[in-house]
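One structure is given below, encoded as C-alpha cells.
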Number of protein chains: 2
Amino acid sequence: MPANILLVEDEPAIQELIAFNLVQAGHHVLRASTAEVALTLVKNALPDLVLLDWMLPGASGVEIARKLRADERTRQIPIIMLTARSEEQDKVQGLEAGADDYITKPFSPRELLARIKAVLRRRAPQMTDDAVEVKGLRLDPVTHRVQGNGETVDLGPTEFRLLHFFMTHAERVHSRTQLLDQVWGDHVFVEERTVDVHIRRLRSALEPTGHDGLIQTVRGTGYRFSAQG
Amino acid sequence: MPANILLVEDEPAIQELIAFNLVQAGHHVLRASTAEVALTLVKNALPDLVLLDWMLPGASGVEIARKLRADERTRQIPIIMLTARSEEQDKVQGLEAGADDYITKPFSPRELLARIKAVLRRRAPQMTDDAVEVKGLRLDPVTHRVQGNGETVDLGPTEFRLLHFFMTHAERVHSRTQLLDQVWGDHVFVEERTVDVHIRRLRSALEPTGHDGLIQTVRGTGYRFSAQG
DNA sequence: AAAAGCGGTTACAGAAATGTGACACTTCAC
DNA sequence: GTGAAGTGTCACATTTCTGTAACCGCTTTT
C-alpha cells in the first residue's frame with residue numbers, strides 16, 4: 001500500500017537518496033529541508049507518515065515532533081526519527097517527544113521500508129480521527145457518518161472527503177486546483193469543473209439539514225466552508 | 001500504567017538486570033529462559049507484552065514470534081525484540097516475523113521503558129469473553145452461541161469471529177484490511193474480496209432473526225455494524 | 001447592449017464498488 | 001475412506017459513483 005510520506009532532511013544528497021527509494025517502493029514523497037517548511041507542509045498535506053531528521057538547521061527534530069503532537073490534526077501522524085549516531089539519549093528523547101520509531105543512519109533501504117510498513121500497519125487499527133462539528137453539523141470519520149439536526153446525511157466517498165476537508169480547513173478559500181490536490185489527490189487528471197459538480201452534490205445532500213449554506217462560492221477564486229454568514 | 005511483561009532471555013545476568021528495571025518501574029515480570037517455556041507461559045499467562053531475546057538456545061526469537069502470531073489468542077500481544085548487535089538483517093527479519101519493535105543491546109533502562117510505553121500505548125484493545133447484545137441479538141463467546149428473537153443462529157468459525165468483532169467494535173467503520181487483520185490475523189494472505197463473501201454469508205445467516213441490516217456497507221470504505229439506521 | 005466569463009444545474013455513459021452464486025479444495029469426524 | 005462443513009476465489013450481475021459535456025442564467029467587460 002502506497003503512502004504519502006513527508007521527508008524532512010536538510011542534506012540534499014541524503015534527501016535525494018531516501019526519496020528515490022521511497023518512490024521506488026511506490027510511495028508518494030513530499031520533501032522539506034527546514035523545520036518551518038516541514039510544519040507547513042504537514043498541516044496542508046496531512047501525510048500518512050513523517051520521516052524526520054534529527055539534526056536540522058533551526059529547530060531540531062524533537063522540537064518538530066513536539067509541535068506535531070501538540071496539534072489536533074497532526075497528532076495521529078506517525079513519525080520515524082532519523083538519527084545520525086547511536087546516541088541513546090537521542091533515541092529516548094525522540095520517543096518521548098512522540099516519535100513512533102527511529103532508525104539510525106546509515107541504514108539499508110530494505111530496513112527503512114520494513115519500518116515504514118510496520119509503523120503504518122499498526123497505526124491503522126487506531127484511526128483516532130476526531131469528529132468535527134460546526135454549527136450543529138457533525139462529521140465523524142470513525143463511524144463515517146454525517147449528521148445535522150437529528151437527520152443523518154448520506155454521502156458518497158468523494159463528497160465525504162470533500163466535506164471532511166472543508167470542515168477541517170474552514171474559513172479559508174480553496175481554489176479548485178487546491179481542492180483537487182487535497183481531496184482527489186494531486187496526481188489525478190480531472191477537469192476543474194468537476195469540482196463544481198461535486199460541490200453541488202454536496203450542497204444538495206446537506207440541504208435537508210439546512211447546512212448547505214455553509215459552503216460558499218467565492219467568485220473567481222474558489223469555495224469556502226464558513227460558519228459565519 | 002503497570003503491565004504484565006514476559007521476559008524471554010537466556011543469559012541470567014541480563015535477565016536479572018532487565019527484570020530489576022522493569023519491576024522498579026512498577027511492571028509485573030514473568031521470566032523464561034527457553035523457547036519452550038516461553039511459549040507455554042505466553043499461552044497460560046497471556047501477558048500484555050513479550051520482551052524477546054534474539055538469540056536463544058533451541059528456537060530463535062524469530063521462530064517464537066512466528067508461532068505467537070500464528071495462534072489465535074496470542075496474536076494481539078505486542079513483541080519487542082532484543083537484538084545483540086545492530087545487524088540490519090536481524091531487524092528486518094524480526095519486524096517481518098511480527099515483532100512490533102526491537103531494541104539493540106546494550107540499551108539504557110530509560111530507553112527500554114520508553115519503548116515499552118510506546119508499544120503498549122498503541123496496542124489494540126483486547127477482546128473480552130463477555131457476552132454481547134445489540135438490539136436483541138445476543139452473542140456469547142463462552143457458549144459459542146448466537147441468538148436473536150428466540151431463533152438460534154448457526155455460524156461457522158469465521159462468521160462467528162467476524163460477528164464478535166463487529167459487535168465489540170460497533171458503530172465504527174472497518175476497512176477490509178482491518179477486518180482481515182483483526183478477524184483473520186495480520187499474517188495471513190487472503191484476498192480482500194473474501195471479506196465481502198463472508199459478510200454476505202453472515203448477513204444471510206442473520207436473516208432469519210431479522211438482524212441482518214445491522215451490518216452496513218459503507219461504499220468505498222468498508223463495513224460497519226450499527227444499531228442505528 | 002453585446003460579448004465574454006463564471007458558476008449552477010442536469011443528464012448520461014463509463015467506471016468502480018459491491019452483491020451473489022458456483023466451485024474446488026481442505027479438514028475433520030465417523 | 002467418505003461425507004459434511006467450512007473456506008477462499010472466481011466470474012458474473014447489480015448497484016452506485018464519477019467525470020464530462022451541454023445548457024442556462026447571471027455578472028462583469030468592452
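So you know, we letter chains A, B, ... as the sequences are listed, proteins then strands, and number each from 1.
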TODO: Keeping to residues at least two apart or across chains, list the ring-ring contact (aromatic ring centres under 6.0 Å, His included) pairs with something in residues 130-163 of chain B.
DONE: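 Those involving residues 130-163 of chain B are B/H144-B/F160.
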
Task: Pair A/H198-A/W184, side-chain contact (heavy atoms from CB on, under 4.5 Å): steps then yes or no - done: CA-CA 11 Å; A/H198 278 272; A/W184 273 255; 3.6 Å; yes

Quick one: [X] [atom1] to [N] [atom2], roughly how many Å, whole number?
X	N	atom1	atom2	value
B/E192	C/dT18	CD	C1'	13 Å
B/L179	D/dT7	CG	P	15 Å
B/L163	D/dG6	CG	C1'	17 Å
B/R161	D/dG8	CZ	P	8 Å
B/R224	C/dT18	CZ	P	13 Å
B/F160	D/dA5	CZ	P	19 Å
A/L180	D/dT20	CG	C1'	14 Å
B/D154	D/dA4	CG	P	16 Å

Nucleotide by nucleotide, nucleotides 5-13 of chain C touches protein heavy atoms under 4.0 Å in the pattern (B base, S sugar-phosphate only, - none) BBBBBBB--

| query | By side-chain contact (heavy atoms from CB on, under 4.5 Å), which residues pair with A/L39, not counting sequence neighbours? | reply |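 A/L39: side-chain contact (heavy atoms from CB on, under 4.5 Å) contacts with A/I64, A/K67, A/L68.
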
Per the salt bridge (charged side-chain N to carboxylate O under 4.0 Å, His left out) rule, what does the pair list look like for residues 20-32 of chain A, sequence neighbours excluded?
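Residue pairs passing salt bridge (charged side-chain N to carboxylate O under 4.0 Å, His left out), neighbours aside: A/E16-A/R31.
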
Problem - Any pair counted as salt bridge (charged side-chain N to carboxylate O under 4.0 Å, His left out), so long as it reaches residues 193-218 of chain A, sequence neighbours left out - result: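 Qualifying pairs: A/R176-A/D196, A/R193-A/D196.
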
Checklist entry - Among all residues two or more places apart in sequence or in another chain, which pass the ring pair (Phe, Tyr, Trp, His ring centres under 6.0 Å) test with A/F225? => result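 So A/F225 forms no ring pair (Phe, Tyr, Trp, His ring centres under 6.0 Å) with any residue.
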
Quick one: list whatever passes ring pair (Phe, Tyr, Trp, His ring centres under 6.0 Å) with B/H28, sequence neighbours left out.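 B/H28: no ring pair (Phe, Tyr, Trp, His ring centres under 6.0 Å) contacts found.
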
Exercise. State which of D/dT18, D/dG19, D/dG8 makes the closest approach to the side chain of A/V190.
Key: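 The closest nucleotide is D/dG19.
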
Listed by chain and number, what are the salt bridge (charged side-chain N to carboxylate O under 4.0 Å, His left out) partners of B/R138, not counting sequence neighbours?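 In terms of salt bridge (charged side-chain N to carboxylate O under 4.0 Å, His left out), with neighbours along the sequence ignored, B/R138 is linked to B/E133.
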
Could you say whether A/W184 or B/P157 is positioned toward the 5' end of DNA chain D, judged by the nucleotide with the nearest heavy atom to each?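 Between the two, 5'-proximity favours B/P157.
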
- Just how large is the angle between the end axes of the helix from C/dA1-D/dT30 to C/dC30-D/dG1, five pairs per end, to 10 degrees?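 One end's axis against the other's: 20°.
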
Q) Should B/R172 and B/S226 be marked as a side chain to side chain donor-acceptor pair (under 3.5 Å) after you check the CA-CA gap, both sets of side-chain angles, and the distance that decides it? A) CA-CA 8 Å; B/R172 300 170 60 102; B/S226 171; over 6 Å; no

